[in-house]
Amino acid sequence: MIDLKTLRENPDAVKKSQTARGESADLVDRVIAADEARRAAIVEFERVRAEQNSLSKSVGAAKGDEKTALLEKAKTLAAQVKEADAKKSEAESSARSELMNLSNLIDPAAPVGGEADFKVLEEIGSPRDFDKEGFAPKDHVEIGKALGAIDVERGAKVSGSRFYYLTGVGALLEFALVNYAISSAAKNGFIPVIPPVLVKPAAMEGTGFLGQAAENVFHLEKDDFYLVGTSEVPLAAYHMDEIIDAKKLPLRYSGYSSCFRREAGTYGKDTRGIIRVHQFDKVEMFSFCKPEEAQKEHLRLLEWEKDFLKAMEVPFRVIDVASGDLGSSAARKFDCEAWIPTQNAYREVTSTSNCTEFQARRLNIRMKDEEGTKPIATLNGTLVAIPRMIVAILENHQQQDGTVKVPQALQAFLGTDIFRPVSA
RNA sequence: GGAGGGCUCGCAUAGCGGCCGAGUGCACCGGUCUUGAAAACCGGCAAGGGAAACCUUCGAGGGUUCAAAUCCCUCGCCCUCCGCCA
């Protein structure tokens with residue numbers, strides 16, 4: 001959520017940000033109006049409340065007729081307080097709900113525009129020339145099947161489309177990726193975490209996933225639980241309603257969890273294979289830091305993502321995501337896109353967002369230093385999203401003979417340097 | 001699922017419907033003393049809003065009352081015992 005002071009003092013900046021996102025700028029005026037109503041209601045409530053408090057005290061001391069008279073007066077005041085209290089609560093909740101609809105202020109450095117207006121920051125590694133090598137690359141579905149690593153048919157049989165089984169070396173590859181990710185994150189000060197994946201509405205809302213993104217989250221209506229789409233949610237909410245000692249910052253967590261996504265509105269997109277699925281596992285980096293250090297921390301997260309992809313020996317590029325394609329919480333976002341040979345395209349495999357103070361305000365997380373309590377910033381970044389990384393590895397490291405080379409960094413975890421087709 | 005017990009300022013606890021936003025101990029911070037430290041003693045020490053007066057918060061939400069940490073109801077969480085299951 002946006003700081004109300006910023007909003008009051010500089011509404012135009014917020015409007016500009018909303019417009020750049022392709023969202024409502026009028027909402028800004030509505031929030032300001034609701035906030036004014038809220039503050040007026042608070043003033044009125046506090047006025048009658050103070051009067052009641054002092055009157056109440058004199059009631060206790062008074063006796064006889066005097067007491068009767070005071071009691072009479074106190075009763076009418078009590079009614080007034082009750083009414084003012086109700087008005088205050090109503091004004092507060094409507095102000096909050098308007099405010100919660102505002103997206104984060106975008107970083108002015110982010111490119112303005114829609115999904116296609118991203119800026120390529122760098123390209124690392126170069127795609128293989130399969131023509132030159134003299135064979136046509138197979139896609140990950142075909143390779144995965146040959147290796148006995150991926151079973152999409154049975155995934156569909158048991159759970160429907162966009163579900164899959166990882167079997168044999170596919171399952172082992174997940175463990176290797178996770179182990180490599182968690183151990184390299186630990187070297188960078190990340191505390192490994194296995195979080196809950198069912199969370200309460202407050203956690204989901206606080207991280208900003210119940211706005212425009214709401215249609216993509218699974219909701220268990222009977223129990224009012226949400227299935228998280230990323231461990232960013234339980235990691236951010238880990239410190240909900242807490243005040244963190246500034247000396248402990250930056251506080252970094254690496255969460256390993258299953259992630260669930262409805263993928264609403266993606267009919268026909270990526271229907272083949274495991275690029276876009278309803279359930280997958282992911283290792284996520286999450287960082288709490290001082291607001292003034294958030295930009296640097298963001299770049300660090302990006303570096304660690306790049307390190308991971310380099311270690312997978314996969315060609316990729318880094319893009320600066322445009323304003324219209326940021327999630328509601330992100331002020332700026334960088335995506336790493338791996339080269340997928342059979343699609344002849346770069347596809348998103350990891351992503352890192354600087355959410356500045358937006359999520360922390362919604363989740364009521366602050367820090368405390370010598371000067372007092374202050375806002376804190378949150379950032380997140382994917383270390384590895386298993387299915388897409390498996391796609392990138394299988395497709396980029398396939399050999400003409402049907403085997404797949406294992407990136408060196410994973411060999412120790414897998415105990416082999418090559419995957420071979422299993423006999424049918 | 002059944003039966004109890006609890007949830008108060010970092011921790012542990014006290015708390016009669018008004019003198020309780022709240023006592024005590026420990027921890028922590030500052031000072032006196034000391035060559036230094038410990039001990040002792042003195043002082044400070046929850047959060048939020050507000051320029052301030054003041055207001056809000058004793059798990060959450062309702063209710064009773066002029067007045068609720070204190071009484072009543074609902075919910076949540078934790079603990080103990082029993083049953084069941086991994």
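All figures in this text were calculated on a predicted structure; none of them were measured in a lab. To find a chain, count down the sequence lines: A is the first, B the second, and so on, and within it residues start at 1. FYI, side chains are in, hydrogens and waters are out, and symmetry mates aren't considered; it's all heavy atoms of this structure.
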Inset, instruction - Select base, sugar-phosphate, or nothing to describe what A:Lys82 touches, counting heavy atoms under 4.0 Å on all strands. - result: sugar-phosphate

Inset, instruction - Have a look at A:Arg366 and say if it touches a base, only the backbone sugar-phosphate, or nothing, with a 4.0 Å heavy-atom cut-off. - result: sugar-phosphate

Across all strands shown, which nucleotide pairs with [N] by Watson-Crick or G-U wobble geometry, both distances under 3.5 Å?
N: B:G17; value: none
N: B:U70; value: none
N: B:G1; value: B:C82
N: B:C77; value: B:G6
N: B:U24; value: B:A12
N: B:A37; value: none
N: B:C58; value: none
N: B:C45; value: none

Can a side chain N or O of [X] be found less than 4.0 Å away from OP1 or OP2 on [N]?
X: A:Asn53; N: B:G18; result: no
X: A:Lys200; N: B:A60; result: no
X: A:Lys368; N: B:A47; result: yes
X: A:Arg49; N: B:U56; result: yes
X: A:Gln52; N: B:A67; result: yes

Rounded to whole Å, please give me the gap between [atom1] in [X] and [atom2] in [N].
X: A:Glu44; N: B:C54; atom1: CD; atom2: P; answer: 18 Å
X: A:Arg39; N: B:A51; atom1: CZ; atom2: P; answer: 10 Å
X: A:Asp85; N: B:C66; atom1: CG; atom2: C1'; answer: 16 Å
X: A:Asp245; N: B:C28; atom1: CG; atom2: P; answer: 15 Å
X: A:Lys75; N: B:U65; atom1: NZ; atom2: P; answer: 8 Å
X: A:Arg47; N: B:U56; atom1: CZ; atom2: C1'; answer: 18 Å
X: A:Phe225; N: B:G76; atom1: CZ; atom2: P; answer: 11 Å
X: A:Met240; N: B:C77; atom1: CE; atom2: P; answer: 13 Å

Would you measure the distance from the [atom1] atom in [N] across to the matching atom in [M] and give it in whole Å?
N: B:C75; M: B:G43; atom1: C1'; answer: 44 Å
N: B:C16; M: B:A69; atom1: P; answer: 13 Å
N: B:C82; M: B:C66; atom1: P; answer: 48 Å
N: B:G17; M: B:A68; atom1: P; answer: 14 Å
N: B:A46; M: B:C41; atom1: C1'; answer: 26 Å
N: B:C7; M: B:U13; atom1: C1'; answer: 13 Å
N: B:C20; M: B:U57; atom1: C1'; answer: 14 Å
N: B:U24; M: B:C9; atom1: P; answer: 15 Å

Inset, instruction - Assign each of A:Ala74 and A:Ser54 to its nearest nucleotide of RNA chain B by heavy atoms, then name whichever residue's nucleotide is nearer the 5' end. - result: A:Ser54

Inset, instruction - Using the closest heavy atom to pick a nucleotide of RNA chain B for each, name whichever of A:Glu51 or A:Lys374 lands nearer the 5' end. - result: A:Lys374

Which listed nucleotide ([options]) is nearest to the side chain of [X]?
X: A:Ile243; options: B:U56, B:A47, B:G18; result: B:A47
X: A:Ala50; options: B:U64, B:C55, B:C66; result: B:C55
X: A:Ala78; options: B:C55, B:A47, B:C66; result: B:C66

How far apart are the closest heavy atoms of [X] and [Y], and which atoms are they?
X: A:Phe316; Y: A:Ala338; value: CB-CA, 3.8 Å
X: A:Pro387; Y: A:Val277; value: CG-CG2, 4.3 Å
X: A:Phe209; Y: A:Thr230; value: CZ-CG2, 3.8 Å

Inset, instruction - Flag the pair A:Arg38 and A:Asp35 as a salt bridge only when some basic side-chain nitrogen lies within less than 4.0 angstrom of an acidic carboxylate oxygen. - result: yes

Legend entry - Aromatic ring proximity, centroids under 6.0 angstrom, A:His397 and A:Phe419: no

Legend entry - Backbone N/O of A:Leu77 and side chain of A:Glu51: donor-acceptor pair under 3.5 Å: no

Inset, instruction - To the nearest 0.5 angstrom, please state how far the CG atom of A:Leu251 sits from the CG atom of A:Leu235. - result: 11.5 Å

Legend entry - Within 6.0 angstrom of A:Gln399 CD, more than 12 heavy atoms from elsewhere: yes

